[in-house]
Amino acid sequence: MHFLLEKHVFPKINVVKPGDKMLNNSEIKITVELDDNKMPAKIDWEATDAGFDGKKDARTLMLSLWDPIEKLTLGIDLWTKEMMVEDMKAHFYQMFLKMADTFERSTQGAEGAMMIRDFADDFAKKVELRPSGEN
């Protein structure tokens, strides 16, 4: 699902588990600027505890949010014209590996995580993903 935004700053995201007391806040701010055709021209982000000061440039943004009432995933997927196809292939491959790690940490599901990693490897072969540094 693509969202066309003039210039949008996403709201502060607080991660709190049920029963947790709010001890501190971390703010993540994402800014998307659009061109005249309402396509993402620039994406940058900053976070209060990211370990660096100021904004960082990004070429793609894929944000997934779980709606606990509707039991479905909502998503925002954006990328700029500068995002190269080879970089997008690498980005997806790395996201699959990250999803496997997150799935394993959050569910203790080693078998499911291995399935995602196997898929990531198959994906890399099918899209002919080149190792970093190769042209």
Side-chain angles (χ1 to χ4, degrees):
M1 167 181 326
H2 293 281
F3 293 91
L4 297 178
L5 312 167
E6 288 300 325
K7 181 171 181 180
H8 188 78
V9 177
F10 292 92
K12 180 164 75 169
I13 298 172
N14 293 317
V15 180
V16 181
K17 295 179 210 159
D20 282 356
K21 290 184 179 179
M22 189 65 114
L23 298 177
N24 57 33
N25 286 334
S26 178
E27 185 173 315
I28 302 167
K29 184 174 165 183
I30 300 167
T31 305
V32 179
E33 293 181 18
L34 299 181
D35 65 16
D36 293 337
N37 295 318
K38 301 200 183 285
M39 298 302 293
K42 182 174 173 38
I43 302 170
D44 57 38
W45 70 280
E46 59 188 313
T48 54
D49 57 355
F52 60 86
D53 290 327
K55 296 179 179 183
K56 284 272 199 179
D57 182 48
R59 299 282 164 91
T60 181
L61 162 71
M62 300 182 102
L63 177 66
S64 296
L65 302 165
W66 178 252
D67 182 327
I69 305 301
E70 298 294 326
K71 302 287 188 201
L72 60 91
T73 299
L74 308 170
I76 300 172
D77 304 313
L78 302 170
W79 56 93
T80 66
K81 293 179 210 173
E82 287 80 26
M83 186 65 174
M84 307 278 50
V85 171
E86 283 302 313
D87 289 343
M88 188 64 95
K89 291 176 185 179
H91 179 54
F92 268 80
Y93 174 71
Q94 291 172 20
M95 284 192 310
F96 293 140
L97 294 177
K98 183 164 179 35
M99 286 184 348
D101 292 344
T102 302
F103 181 83
E104 189 168 18
R105 278 194 330 271
S106 64
T107 67
Q108 308 307 305
E111 185 176 349
M114 186 52 66
M115 290 172 62
I116 298 169
R117 289 184 188 104
D118 289 344
F119 173 81
D121 290 340
D122 288 343
F123 170 84
K125 290 174 191 165
K126 294 265 191 314
V127 301
E128 299 176 343
L129 180 62
R130 295 187 297 253
S132 294
E134 268 189 35
N135 290 329

request  = Using atom types as modelled and distance alone, determine if a side-chain donor or acceptor of Thr31 lies under 3.5 Å from a backbone N or O of Asp44.
outcome  =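 No, because the side chain of Thr31 does not come within donor-acceptor range (under 3.5 Å) of the backbone of Asp44.
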request  = Using modelled atom types only, decide if a donor and an acceptor are shared between the side chain of Asp35 and the backbone of Asn37 within a distance under 3.5 Å.
outcome  =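 Here the side-chain-to-backbone pair exists.
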inquiry  = Tell me every residue that passes side-chain contact (heavy atoms from CB on, under 4.5 Å) with Glu111, counting only those two or more places apart in sequence or in another chain.
reply    =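 side-chain contact (heavy atoms from CB on, under 4.5 Å) check on Glu111 returns nothing, list empty.
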ask   = Going hydrophobic residue to hydrophobic residue with side-chain gaps under 4.5 angstrom, can you get from Tyr93 over to Met95?
value =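 Yes, Tyr93 connects to Met95 through the hydrophobic network.
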message = Hydrophobic cluster membership, with links at side-chain heavy-atom distances under 4.5 Å among I/L/V/M/F/W/Y: are Phe52 and Leu61 in one?
response = yes
Residue pair [X] / [Y]: nearest heavy atoms and the distance that separates them:
{"X": "Ile69", "Y": "Asp67", "answer": "N-OD1, 2.9 Å"}
{"X": "Thr48", "Y": "Ser26", "answer": "OG1-CA, 3.4 Å"}
{"X": "Trp45", "Y": "Ala50", "answer": "CZ3-CB, 4.2 Å"}

Rounded to the nearest 0.5 Å, what's the gap from [atom1] on [X] to [atom2] on [Y]? Could you check?
{"X": "Asp77", "Y": "Thr60", "atom1": "CG", "atom2": "OG1", "result": "7.5 Å"}
{"X": "Leu65", "Y": "Leu72", "atom1": "CG", "atom2": "CG", "result": "11.0 Å"}
{"X": "Leu78", "Y": "Met83", "atom1": "CG", "atom2": "CE", "result": "12.0 Å"}
{"X": "Thr80", "Y": "Met39", "atom1": "OG1", "atom2": "CE", "result": "10.0 Å"}
{"X": "Ile28", "Y": "Glu46", "atom1": "CD1", "atom2": "CD", "result": "11.0 Å"}
{"X": "Met84", "Y": "Lys89", "atom1": "CE", "atom2": "NZ", "result": "12.0 Å"}

task = Check the pair His91, Asp87 against side-chain contact (heavy atoms from CB on, under 4.5 Å), reporting the backbone distance first and the verdict last.
result = CA-CA 6 Å; His91 179 54; Asp87 289 343; over 6 Å; no
task = Hey, could you give me each pair passing ring-ring contact (aromatic ring centres under 6.0 Å, His included) that has a residue in residues 104-126? Not counting sequence neighbours.
result =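 Residue pairs with at least one partner in residues 104-126: Phe96-Phe119, Phe96-Phe123.
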message = Looking at Lys55 and Asp57, is there a salt bridge between them, counting it only when a charged N and a carboxylate O are closer than 4.0 Å?
response =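 Salt bridge absent between Asp57 and Lys55.
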Donor-acceptor pairs are to be reported for all side-chain atoms of residues 99-106 against protein atoms at under 3.5 Å, with residues two or more places apart or in another chain.
unit_1, atom_1, unit_2, atom_2, d
Asp101, OD1, Arg117, NH2, 2.8
Thr102, OG1, Lys98, O, 3.0
Glu104, OE1, Arg117, NH1, 3.4
Glu104, OE1, Arg117, NH2, 2.9
Ser106, OG, Thr102, O, 2.9
Ser106, OG, Phe103, O, 3.3

inquiry  = Could you check whether atom CE of Met62 has more than 12 heavy atoms from other residues, nucleotides or ligands sitting under 6.0 Å from it?
reply    = yes
